[in-house]
Amino acid sequence: MLTDNLDRVKERIADACRRSGRDPSKVTLVAVSKTKPEADILELYKAGQRDFGENYIQELRKKHDDLPKDIRWHMIGHLQRNKVKYIAEYVNIIHSVDTFELAQTIEKEAAKYNRVIPVLIEVNAAEEESKFGVKCKDASALAEKISTLPHVSLKGFMTSAPLVDNPEDDRIYFKKLSNLSVDINSKNYNNVTVDVLSMGMSNDFEVAVEEGSTMVRVGTCIFGKRDYSNS
Ligand SMILES: *Cc1c(COP(=O)(O)O)cnc(C)c1O
């Protein structure tokens, strides 16, 4: 059942790539497994899925401890500085960096493990009150500062577009993120080249792919609705 959902999402990504002349191998599907049981993750793992996204540190730690070690864990939720130490050893990429202070903490923790942690700057492209992330106009300054950190590797940008009835309404925000990448690359900060755009969720991933997304974060379309009643 879950693997059928996974296949269906992959087909829809491939269709969006076809429409926009893109190569589907350039789009990583991150299965967002927050609140979902380990058995669900294992089922998809057996079908070949390796990229999983989580929002909560405690849950991420437990799943990392219990599940196969070649899973690539994506931290996609808001991250508090005092929690970085719990994931620094193994996290594949952190999508949600929105302050230089957080990046500095990641630098410190990554250095302890002698590794470089890939990160994305979270951008609040629609400037919604309820959301974390920097404004588009502040992204460049933060990128320049992060580019100086030796154990943090800036790979690109992440955004969560507004929840809308018509996904076409989010296209402008995906375009903004894409323009931001072009802009940063033209500045050549410490030789940093960004090529990751983490954008597109269950309700809007096809539009995001058409606008150049290289990582879509899909939960509900794969795992079904989330139940938060026990948390
Ligand atoms: C929960 C979550 C997702 C997945 O959302 P769906 O609508 O279930 O696909 C993607 N990105 C972030 C940052 C999330 O918190």
Side-chain angles (χ1 to χ4, degrees), residues 1-13 16 27-37 40-41 43-44 49-60 63 71-80 83-84 87 91-99 102 118-134 139 155-171 173-174 176-177 196-231:
M1 215 277 284
L2 291 185
T3 55
D4 292 338
N5 295 345
L6 184 73
D7 288 344
R8 182 71 195 117
V9 169
K10 284 185 190 164
E11 278 167 23
R12 289 171 61 188
I13 291 170
V27 183
T28 301
L29 170 56
V30 180
V32 176
S33 46
K34 63 182 177 215
T35 79
K36 297 296 177 180
D40 285 7
I41 296 175
E43 188 176 334
L44 296 174
Q49 178 67 25
R50 291 293 178 275
D51 291 275
F52 290 90
E54 290 283 340
N55 289 55
Y56 312 106
I57 294 294
Q58 223 157 334
E59 188 178 348
L60 174 53
K63 287 174 172 172
I71 287 178
R72 292 184 288 270
W73 294 107
H74 296 242
M75 176 58 196
I76 63 172
H78 182 63
L79 180 56
Q80 287 170 293
K83 302 279 174 67
V84 174
I87 59 169
V91 71
N92 179 65
I93 180 168
I94 298 171
H95 291 231
S96 45
V97 174
D98 61 354
T99 63
L102 174 59
V119 305
L120 305 176
I121 291 177
E122 179 172 0
V123 179
N124 183 356
E127 302 192 8
E128 293 171 277
E129 287 288 345
S130 60
K131 286 202 177 132
F132 292 104
V134 299
K155 298 292 184 193
F157 301 97
M158 180 271 243
T159 199
S160 299
L163 198 60
V164 289
D165 289 329
N166 181 357
E168 284 297 329
D169 295 343
D170 282 337
R171 192 178 290 276
Y173 303 115
F174 301 140
K176 275 193 178 186
L177 222 65
V196 176
L197 288 173
S198 168
M199 54 190 200
M201 303 169 38
S202 286
N203 61 316
D204 57 16
F205 69 87
E206 287 149 306
V207 176
V209 167
E210 287 170 11
E211 294 302 328
S213 173
T214 67
M215 274 183 191
V216 293
R217 310 181 309 271
V218 179
T220 310
C221 280
I222 297 172
F223 294 97
K225 281 200 165 53
R226 285 177 293 273
D227 179 2
Y228 288 101
S229 60
N230 295 318
S231 55

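First listed ligand is number 1; within each ligand, the first listed atom is number 1.
- Close approach of ligand 1 to Ile76 is summarised as follows: ligand atoms under 4.0 Å from at least one heavy atom of the residue are 11 (N), 12 (C), 13 (C), 14 (C).
- Checked options Thr99, Ile57, Val119, Asp98; the residue passing with Leu79 is Ile57 (criterion: side-chain contact (heavy atoms from CB on, under 4.5 Å)).
- The shortest heavy-atom distance from Val218 to ligand 1 is under 4.0 Å.
- In summary, Glu210 and Arg171 engage in a salt bridge, as defined by a charged side-chain N under 4.0 Å from a carboxylate O.
- Applying the 4.0 Å criterion to heavy atoms of Arg217 picks out, from ligand 1, the atoms 4 (C), 9 (O), 10 (C), 11 (N), 12 (C), 13 (C).
- Using cut-offs of 30° and 60° for the angle between ring planes, the Phe223 and Phe52 rings count as tilted.
- If you look at His95 next to ligand 1, there are no close heavy atoms at all, none under 4.0 Å.
- The ligand atoms of ligand 1 that sit less than 4.0 angstrom from a heavy atom of Thr220 are 6 (P), 7 (O), 8 (O), 9 (O).
- Residue-ligand proximity, Ser202 to ligand 1, at heavy-atom distances under 4.0 Å covers atoms 6 (P), 7 (O), 8 (O), 9 (O).
- Of the protein's heavy atoms, Lys34 NZ, 1.4 Å lies nearest to atom 1 (C) of ligand 1.
- Taking a 6.0 Å sphere around CD of Glu168, one finds it holds more than 12 heavy atoms contributed by other residues, nucleotides or ligands.
- What sits closest to atom 5 (O) of ligand 1 on the protein, heavy atoms only, is Met201 CE, 3.5 Å.
- Within 6.0 Å of atom CG in Asp165, 12 or fewer heavy atoms from other residues, nucleotides or ligands are found, so the atom counts as exposed in its surroundings.
- Lys34 and Glu54 are not joined by a salt bridge, as no carboxylate oxygen comes within less than 4.0 angstrom of a charged side-chain nitrogen.
- Per-residue contacts place Asn55 under 4.0 angstrom from the following atoms of ligand 1 (heavy atoms of the residue considered): 14 (C), 15 (O).
- Listed by chain and residue number, nothing satisfies the ring pair (Phe, Tyr, Trp, His ring centres under 6.0 Å) test with Tyr56 (two or more places apart in sequence, or in another chain).
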